[in-house]
Amino acid sequence: MSAPSLKPSLRHSVSEWHSNNQQLSGTAQHERHVSHEIRQEARTLRNETRCKTVWDESDTSRRLSDRIWDVARWRDVLECSAQKVDVEMEALTLSKERSELALAATSIPLEVSNECLMLREGRRGFELVSDPVEEQLKKEVELIEGVQQRLQQSIGRAFEQLCVLQEVRHQLTADQQNKMEALDIDMSCLSLTIKSANISLKTNPTRIPSCSSTPQEWAQFSQYNVARAREAVHMSQQIRDDMSLSRAQLHNEMEAQRRATEFALRKRNHHEEQARDDLQWQIKNTEDEMAEMEGDIRGLDADLQAKTASLMLAHTRLETRSRRSGVDLCRDEVQHGLVAEVQQLEATIQALKQKLSEAQHSLQKMKVHHSHMQQDLSRKQEALSLEQRSMQTRTKTIITNPSGTNKPAVPLVPLMNSSGRSNLQLLAQ
């Protein structure tokens with residue numbers, strides 16, 4: 001039986017064996033050296049990081065303290081600005097209410113002026129004239145409407161400015177609340193230590209939150225809010241001054257126009273009375289003349305009848321003598337006299353008829369004119385009555401103040417506005 005065959009294997013030499021042993025020993029020494037270096041570096045790193053951590057914690061606490069002081073300072077500035085805005089809103093609201101009262105007080109004078117214009121539209125005929133009274137009344141209506149428009153504009157400006165102030169106040173309040181929340185958070189962070197129970201590791205704490213701002217943007221935001229509040233308060237003060245001055249000017253303008261209108265009314269009333277009295281005198285004289293004319297017409301008619309009878313007599317004589325016969329039908333002196341008499345009578349009758357026609361025509365014209373004067377007198381009396389009613393209407397809207405001078409009545413109106421204040425009464429200024 002033959003011996004089993006052995007598989008040939010790789011065999012190393014003795015030198016290779018020694019080399020491998022040396023390599024293992026050298027690698028072990030190198031790794032131990034590297035480990036020693038790492039241990040030394042780790043000890044140094046621990047000491048450095050411990051100091052660094054303590055310093056960083058101290059520096060962070062200092063920065064938190066500084067930040068808390070800055071935030072508290074801006075919170076106080078915002079609160080002071082908010083208080084100024086509140087005071088100005090109250091003052092502007094009062095000024096706006098005074099203008100609203102002044103606007104309400106113009107409604108009665110406007111109604112009176114329009115009523116006077118409507119009353120004077122009742123005039124008829126030539127009494128419906130565009131006189132100075134109408135001009136002054138229209139000026140008064142135009143002035144009052146302009147006053148109402150200007151007051152409404154000032155009230156609108158005040159309302160818009162109140163909205164701006166409210167928006168500024170809201171922005172200041174929001175910024176102040178954010179500052180207070182930031183103070184609470186920073187003071188809470190300042191009170192934390194490594195021994196606090198509520199500290200823990202967080203997921204990605206170094207991330208930059210969305211909508212975050214830089215310190216410059218943070219300071220500029222509060223500076224902008226304070227500057228805007230200061231500007232809004234300044235603008236509101238200007239609006240209040242303008243409203244007060246405007247109310248005084250408008251009151252003076254309306255008072256001057258009222259006096260001019262009443263003067264024109266009194267002057268027109270005087271002229272109307274003069275015209276009425278003169279027309280009444282003319283009517284009386286015309287009636288007297290008509291009576292005399294009627295008497296003269298009756299006399300002319302009687303003379304005309306008498307002359308007609310004489311003409312009939314002359315015609316009869318001429319016609320009767322024309323029946324003579326023969327040589328006796330002679331154009332003698334009698335014939336010539338009768339012919340001359342007939343011609344004279346016909347001319348006289350024609351003249352009397354002409355004069356009678358003229359007299360009747362004149363009488364008819366006087367009657368027509370008398371009728372026109374009567375109608376015009378009626379219209380003048382109506383116009384005078386309307387003028388007096390206009391003056392009485394205006395007088396009813398005037399009261400006597402304690403000083404004894406007449407000024408338009410200023411109604412007291414309970415105040416109620418968007419700020420919720422009520423039960424307050426102010427005189428329109």
Output a table of donor-acceptor pairs, distance under 3.5 Å, between side-chain atoms of residues 337-351 and any protein atom two or more places apart or on a different chain; print 'none' if there are none.
unit_1 : atom_1 : unit_2 : atom_2 : d
Gln344 : NE2    : Thr348 : OG1    : 3.4
Thr348 : OG1    : Gln344 : O      : 2.8

Hits for side chain to side chain donor-acceptor pair (under 3.5 Å) against Ser113, two or more places apart or cross-chain, chain-then-number order -> Glu140
TODO: For atom CZ of Arg317, decide whether the heavy atoms of other residues, nucleotides or ligands shown that lie under 6.0 angstrom number more than 12.
DONE: no
* Asked: Does any N or O in the side chain of Arg276 come within less than 3.5 Å of the main-chain N or O of Leu384, such that one atom is a donor and the other an acceptor?
  -> no
Nearest heavy-atom approach of Arg247 to Ser95 is NH1-O, 3.3 Å
Atom CE of Met373: over 12 foreign heavy atoms under 6.0 Å: yes
Side chain to side chain donor-acceptor pair (under 3.5 Å) filter on Gln171, not counting sequence neighbours, yields none
Is it the case that the side chain of Ser390 and the backbone of Leu386 share a donor-acceptor pair, with hydrogens and angles ignored and the cut-off at 3.5 Å?
yes
Which atom pairs, one a donor and one an acceptor, fall under 3.5 Å between side chains of residues 67-79 and the rest of the protein, sequence neighbours left out?
none

Please list, one pair per line, the donor and acceptor atoms closer than 3.5 Å that link side chains of residues 308-316 to other protein atoms, with sequence neighbours excluded.
unit_1 : atom_1 : unit_2 : atom_2 : d
Thr308 : OG1    : Leu304 : O      : 2.7
Ser310 : OG     : Ala306 : O      : 3.3
Thr316 : OG1    : Met312 : O      : 2.7

If only atom types and distance count, is the side chain of Asn178 paired as donor or acceptor with the main-chain N or O of Ala174 below 3.5 Å? yes
Nearest heavy-atom approach of Ala232 to Val168 is CB-CG2, 4.2 Å
From the list Glu142, Gln136, Glu134, side chain to side chain donor-acceptor pair (under 3.5 Å) partner of Lys138 resolves to Glu134
Sorted by chain and residue number, the salt bridge (Lys or Arg N to Asp or Glu O under 4.0 Å) partners of Arg157 (sequence neighbours excluded) come out as none
Exactly one candidate in Glu111, Met254, Arg258 meets side-chain contact (heavy atoms from CB on, under 4.5 Å) with Ile144; the answer is Met254
